[in-house]
Amino acid sequence: MGLLSDPSRRKVLTGLLTRLNTPICIVCYLAGIVWFMGLAFEPFTLRTYMSENAMGSTMVEERFSSGERALSLAKEFDAHKRKAGGMPVEWLVKAMQSRGLEVFTQSFSRKLPFPDENKERYMVRGTNVYGILRAPRAPRTEALVITAPCSPGNTNNQAVALLLALAQYFRNQIYWAKDIIFLVNEHDLIGTQAWLEGYHHTNITEYISGSLRGRAGSIQAALSLELSSDVITSLDLVLEGLNGQLPNLDLANLFYAFCQKLGVLCTIQGKLQRNDWDTAEGYTHAAQTMMLMVLKQACGRSWGDHGLFLRYHIEAASVRGINSFRHYKTDATTIGRLLEGMVRKLNNLLERLHQSYFFYLLPSLSRFVSIGYYMPAFGLLAVILLLRALDLWVHLGAPALAAVDGVTEAEQPSSPGVLTVLTPVVISHLTGVALYLLPVHLQEMAVEHFPVSETEAVVLTAIAIYTAGLALPHNTQRLLSGEGTEQGWKVLKLTALLYLAVLLGCTALINFSLGFILAVTLVPITASITPALYALVMVLLSPAFTILYCVFIYQELIEAPVSVSEGWMLFLSVISQGILDHALYGSLVYPLLALFIYPCWLMFWNILFWN
Amino acid sequence: MAAPLTLLLIVAVTIRAVLFRSSLAELISARVEVVSPLNAWKRVVEGLALLDLGVSPYSGDVFHETPLMIYLFHFTVDYAEIVFIVSAYFFRKQKYALESDRYSADCLELLRSPKEMFYIPLKVAMFYLLNPFTILSCVAKSTCGLNNAIIALFIFCTLKGSALLSGILLALATYQSIYPLTLFAPALLFFLQRLYIPVNLRRSSFWFFTLQYAFMYVGSLVVITGLSFFLLGSWDFIPSVYGFIFSVPDLTPNIGLFWYFFAEMFEHFRLFFSCVFQFNVFFYTIPLSIKLKEHPVFLIFMQIAIISIFKSYPTVGDVALYMAFLPAWSHLYRFLRNIFLVSCVLLACSALFPVLWHLWIYAGSANSNFYYAITLLFNFGQVKVFTTTWLTNCEWKNRWRNKVSLFINLY
């Protein structure tokens, strides 16, 4: 480290750093944004390829033919579902048993912390039914799962029926090396979570459920099927799971390979791939697909029933059938063949899928961006925080450096006490803890005093605490007299910048999209904050407003733009869903925002009102 | 001085008590960065259970603590939390006391104001008690805290000038884990300096005192080992404790450098590599002792740092031990280059340890290379702190010498 130890070179370097700090920061920020948007440009992406040897070599001939029988089963299932007013447990058990599976049921119940207005449930009670197809000549150490949700109304009847038809077909084959579990779960994600917790004997959330009586070994992979119509025009692949975790890219490659083989149209994020990458429309199409994936990954919820499997190191994906206005239709037999092919390939696996990438972005189904390509975009944004921190350190240390060569003892610069920095930090974090704990715990009190429903109470309490936090700096400044030294806010800014850098770095490692979106809005404002900045700019780039902008951008991207009032209602429902996801499935987005990002932002807010 | 110290103590005890009672205690005692196979509380409880059943606690390769430790906890197992908080208090008291009278030996007054020096003991106490590493270590009930207390007592007794007590405590520290053996040299140098015996291999006074001190040290060690033998009735504890430290059979990931290497290497090279790695810890004693003859207290600090970085099962409690001493050399702050970058690296690594552990073990998206990269970076940062302190000390000595010679020339 000769460059940093030699005093004269060091002085030159630090001089360069302080003089050119702002230009370098601006260049880095723009470079980061441009790099990120450039990721969708096709020449910068790589074509997907199958990495796992065990899945690449054999291409089997699919012989599934009971598509019509599946459709009539669907009508039967629908009728029984209406009669039972929920999940027709006895019919399902009998149907699975007649197909030669070992059938078990699991009943579960869960009381949500507050009513879920999107799905209209509060006290959830349900039953999962699953049948195990035992591999005839293999040790029962590994398993695959195929799951279809039992949804109310007209949805997913064909999925359950196709599941049963596949079970019957699979039962007659001799080549299975792993047990196959056919799971029909009630109440979508809640049922899946209860089943997974029962299967793995974990207790992450407070479900009350019986332990599972039938098990089949360690699960290697899972597929979730959602099919609501007799014929489809395309199949959509859903990959984003809980906390932004993605399955191994080989699973997506497998799906794409079989769609190509059977001539089924496949989409990702509901968008079909385009070939004209050199035109503006082609590029925007790919960029929109990638942005949709980023937004979906950032919100941390599981976008299909498969998402909860990922936490248990089970590679899983959801396949959703879409029936839109296209000429070419695919029937149930072809879908059955596709699933048969995929499950046979997964059957060939010798070990869990691990060869391909776990961290990637997909601008289309056949092209991907790996972590090595997208991380520099985040790195450029994080470097701005570090440069600013270095600049502040040099400025703070400058008076002390001047006294080094003095013979007599130097007058110590009036360094602010630890208390001036500690107080905003402690108060900000206490507010964060309040934002995390109070909305759910105070909902009864809020419902008593105000004419709102529980969900609205929770969400409005959260917003109220968030806004109340903005008022704090005025009061704390008045309480502690003698504040407002020039050094004080610089030390606080230095601490807060380092804290934010570490926080965003850790977030980006676990969930890149969340880290990047937070960095895009937080980094410019925090790097340039001084007591003289406008408060409005700071508020407009706060985490809550970031969520609001993301809601509007998401609606634009799925081609369903909303007006301001609708957007506001969506924003409120996003907050309530976030809190529910954290309580029900252990999603980390809400605690991260409430306990770490918001206090960090409050520390910067304190700087605005330093004088 | 008493009032801020008491306040500090109250704050530290409150934080530890709050964390003990919360659900985080379970989480923290399972973290590999905070506990190692040598000092995990879970294993102490296991050893106690085996002892109660009448079986040797060392059967089954779970328990690797020394017999005296198991008997200490035999009597205080219900009050374990109190024992740990008390040891932290004890440690702080020693640090405070030793700092307040250290500087009569080192002539630093000219480059530091008396006001600064007055606050150093408080800063050292604060650095140790409020260090997140020590708080985590205490809440996890890792016996590392007790080891640190013994080493602090040893330093205290050395500085107070009591050779016998210092020898006994050093023997106790060595008995706990072998590595404090290297602290024999700095302690010896300190006593020699204090008694004005020049370090000259030809002088008989030097050999006389060395033999005296060595006799006290080795004698106490023999007595303690014999006591352990009589307590448990067998020599089981020697392979279980010392054999375990040297041969490194347990390769659970931790913040040290051993586990990844030893997981990769072939069996027939294992003996060679364990010798090389262990030799690395002890090797630096001789050159450092020769160079830092006149500054034995700084040498103690250097040795503790080397032990914390290169020992076979380090934890963050060991790191906190030498970091607590840093304020004692605050006169070097002005010369410390790159301290900002190095502290940022250490801070970022401490935050990244649990993240990459989660990605490796729970999410399955990363592998051991990621975690070891952070381990390497963390140890690199520590080595940078170590070398920077060393270099600035040399530079400070040179400047001091120049000033003194200038001073003398003027008169």
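Letters A, B, ... are given to chains in the order of the sequence lines, protein chains preceding strands, and every chain is numbered from 1. Only this structure's heavy atoms are used, side chains among them; waters, hydrogens and symmetry mates stay out.
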Testing A/Val394, A/Leu396, A/Leu494 one by one against B/Phe340 for a side chain to side chain contact (heavy atoms under 4.5 Å, CB included), which residue passes?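 One option only clears the test, and that one is A/Leu494.
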Assess whether atom CD of B/Glu26 is packed by more than 12 heavy atoms of other residues, nucleotides or ligands within 6.0 Å. no
Enclosure of A/Phe596 CZ (heavy-atom neighbours >12, cutoff 6.0 Å):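 No - once you tally the heavy atoms of other residues, nucleotides and ligands closer than 6.0 Å, there are 12 at most.
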Distance col, row B/His358:NE2 vs A/Asn243:CG, nearest 0.5 angstrom, shows 7.0 Å
Working to the nearest 0.5 angstrom, can you tell me the gap between B/Cys344 SG and A/Leu498 CG? 4.5 Å
Return all side-chain donor-acceptor pairs below 3.5 angstrom for residues 353-361 of chain A, not counting sequence neighbours, or 'none' if the list is empty.
unit_1	atom_1	unit_2	atom_2	d
A/His354	ND1	A/Arg352	O	2.9
A/Tyr360	OH	A/Pro247	O	2.6

Under a 4.5 Å cut-off applied to non-hydrogen side-chain atoms, are B/Ile339 and A/Trp393 in contact?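 They are in side-chain contact.
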Using a cut-off of under 4.5 Å for heavy-atom pairs, which of A/Ile510, A/Leu246, A/Leu310, A/Leu390 has the most such pairs with chain B?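 Most heavy-atom pairs within the cutoff with chain B belong to A/Leu390.
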Looking only at heavy atoms, what is the nearest atom pair of [X] and [Y], with distance?
{"X": "A/His313", "Y": "B/Ala363", "answer": "CD2-O, 4.2 Å"}
{"X": "A/Val502", "Y": "B/Ala348", "answer": "CG2-CA, 4.2 Å"}
{"X": "B/Ala351", "Y": "A/Cys506", "answer": "O-SG, 3.8 Å"}

Can you tell which part of A/Ala389 gets under 4.5 Å to a heavy atom of chain B, answering side chain, backbone, both or neither? both
